[in-house]
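A short worksheet on the structure shown next.
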Amino acid sequence: MNAHDDATRSTEETVFSLHAAVSTQTVRFGTNRKYVGPPDQFGSDFEWGPNDTRYHAGTITIPRPLQQVTLTQRTAAAEATQSKVDLAQEPRKVIRDFLDDASHQGRIAYAGSRQSLVFIHGYAFKFIEIADVEAAIVSNYGSPNNLFFSWPSYGNHFKYPEDRTHAYGSGAAAGQFLRDLLDEVAAAEIPPRLSLICHSMGNRVMSSIAQALKDPKYLKPYFEHILLFAADEDYAAFNDPGKLRPVLQMYKHSLNIYTNGNDGALAAGQLANGFTPELGQYGPYSFPLQDDYGAAITSAFWLNCTGVADSIGGTLGHQYFRLSPEAMADARHVLEGLPPAAIPGRERDNDYGGQRYTIKAS
């Protein structure tokens, strides 16, 4: 690195240090939830109905730097009473602002590995909980610039069937949201580095999105990496063109499937889904995944988090994407572009073509 690069790095580090020290944090979002006002801001109903392509977009301004805390609806509600939600008159402006920040990160000399993330949450999730998830991502994934899509989950663990219906009914709006995002990416002078994360029932939303993205121009590798945590979806979803198989066309470098064999939430989900094994508990039906010609897809990986997941007694072993230091560190290294075999804390399994790893407790 030369003197100019050193100066650039110093300046940019100062900018990011100041950014971390400021008294507010801005979170960008899209949602097809019905606006209800404070404190929840957006509720558990559709604003325009299921299978409608319209969505809101805006920002949440939180009046202090985000700090990671245990995600509960009580703490999130307290956070929301101090936060300000602004809805954009033009939803795509929110997307453009997100991409402007993503492109800025891409110009930083030392931050070639810095990612901007698109995040789709899971079931039993209230809109106001976005702030806590953002805190985990900023603190542990190394991504200060993130865009959420929030679909109308009930925020209630006993409303699983209703959430499942809302997840599939959100594919049209979430698909339009993603089309608008990808259109802006395609038009960008400096292509931003984006990765996609789906958690829990957010993977059913992603299945529905994949069906909404009918135009082949969207089924291209726009994302650097795709990370699927605790996927509440059929374990054969990657074999099904009507579910997650189209997602295999949407990444450049790696697809990462994180599982926990002791996931209590997915065990309950399996009962609710006619005993169909869950992708995030059992892993893929057939692995390594195969392309349309029967060849192994060597960029798709299965990460077994059973030994490092969160407590089944506390959070059902379902929240390790934001509560397990080992799982979060693994995800961060993926986003940094480390070769899969070189990521610390992984132990390669003998089977599965060397593409399944167990994440070890530190």
Side-chain angles (χ1 to χ4, degrees), residues 19-20 22-50 52-102 116-139 143-156 163 166-167 169-170 172-174 176-178 180-181 184 197 199 201-202 205 322:
H19 179 270
V22 297
S23 60
T24 62
Q25 175 83 26
T26 298
V27 184
R28 297 185 180 95
F29 68 88
T31 185
N32 60 330
R33 292 176 181 261
K34 184 177 181 63
Y35 181 70
V36 297
D40 286 349
Q41 305 292 355
F42 291 90
S44 57
D45 292 325
F46 291 100
E47 183 72 88
W48 297 280
D52 193 295
T53 60
R54 287 171 288 183
Y55 64 89
H56 295 294
T59 59
I60 309 169
T61 303
I62 301 166
R64 61 179 178 79
L66 286 170
Q67 297 179 7
Q68 187 178 4
V69 295
T70 300
L71 188 153
T72 67
Q73 291 170 5
R74 179 183 59 80
T75 57
E79 195 75 53
T81 62
Q82 306 176 48
S83 302
K84 179 184 179 185
V85 173
D86 289 309
L87 289 179
Q89 294 296 317
E90 182 191 0
R92 283 181 72 152
K93 184 180 185 306
V94 175
I95 291 173
R96 286 194 293 271
D97 289 345
F98 164 71
L99 293 175
D100 284 346
D101 284 354
S116 292
L117 302 180
V118 178
F119 187 94
I120 304 174
H121 65 72
Y123 96 111
F125 189 97
K126 288 192 172 184
F127 176 82
I128 54 177
E129 297 174 51
I130 287 177
D132 282 339
V133 174
E134 169 77 353
I137 291 174
V138 171
S139 300
S143 175
N145 181 45
N146 306 298
L147 180 65
F148 287 78
F149 187 85
S150 183
W151 53 278
S153 165
Y154 279 85
N156 183 331
D163 266 14
H166 279 198
S170 295
Q176 186 60 55
F177 173 78
L178 207 58
D180 290 346
L181 172 70
E184 295 289 346
I197 297 179
H199 175 242
M201 200 176 279
V205 177
R322 63 171 190 86

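Just so you know, residue 1 is the first one in the sequence shown, and it goes up from there.
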field: Nearest heavy-atom neighbours spanning Asp86 and Lys84
entry: OD1-CE, 3.2 Å

task: Output yes when a side-chain donor or acceptor of Asp40 lies under 3.5 Å from a complementary backbone atom of Ile128, and no otherwise.
output: no

query: Do Tyr35 and Gln41 come within less than 4.5 Å of each other through their side chains, counting heavy atoms only?
result: yes

task: For Asn146 and Ser143, indicate whether the former's side chain and the latter's backbone hold a donor-acceptor pair under 3.5 Å.
output: yes

- prompt: Any sub-3.5 Å donor-acceptor pair from His166's side-chain atoms to Ser153's backbone N or O?
  reply: no

query: Can you check salt bridge (charged side-chain N to carboxylate O under 4.0 Å, His left out) on Arg28 and Asp101, steps first, answer last?
result: CA-CA 11 Å; Arg28 297 185 180 95; Asp101 284 354; 3.1 Å; yes

message: What's the separation between atom NE2 in His56 and atom CD in Glu47, rounded to the nearest 0.5 Å?
response: 3.5 Å

- prompt: Parallel, tilted or perpendicular for Trp151 and His121, by the 30°/60° rule?
  reply: parallel

- prompt: Just by distance, do the side chain of Asp52 and the backbone of Ala173 share a donor-acceptor pair under 3.5 Å?
  reply: no

message: Side chains of Arg92 and Glu184, heavy atoms from C-beta outward: is any pair under 4.5 Å?
response: yes

No-hydrogen, no-angle side-chain donor-acceptor test under 3.5 Å, Ser150 and Arg33: yes

task: Using the six-membered ring wherever Trp is involved, compare the ring planes of Phe42 and Phe29 and label them parallel, tilted or perpendicular (cut-offs 30° and 60°).
output: perpendicular

task: State yes or no: are the ring centers of Phe125 and His199 separated by less than 6.0 Å?
output: no

query: Side chains of Thr59 and Val27: does their closest heavy-atom pair fall under 4.5 Å?
result: no

message: A side-chain contact here means heavy atoms from C-beta on lying under 4.5 Å apart; do Leu147 and Phe119 qualify?
response: no

- request: Using a strict 4.0 Å threshold on nitrogen-to-oxygen distance, state whether Arg96 and Asp100 make a salt bridge.
  value: no

field: Those residues that, when tested against Thr31, pass side-chain hydrogen bond (donor to acceptor under 3.5 Å, both in side chains) (two or more places apart)
entry: none

- prompt: Are Phe148 and Ile60 close enough that some pair of their side-chain heavy atoms sits under 4.5 Å apart?
  reply: no

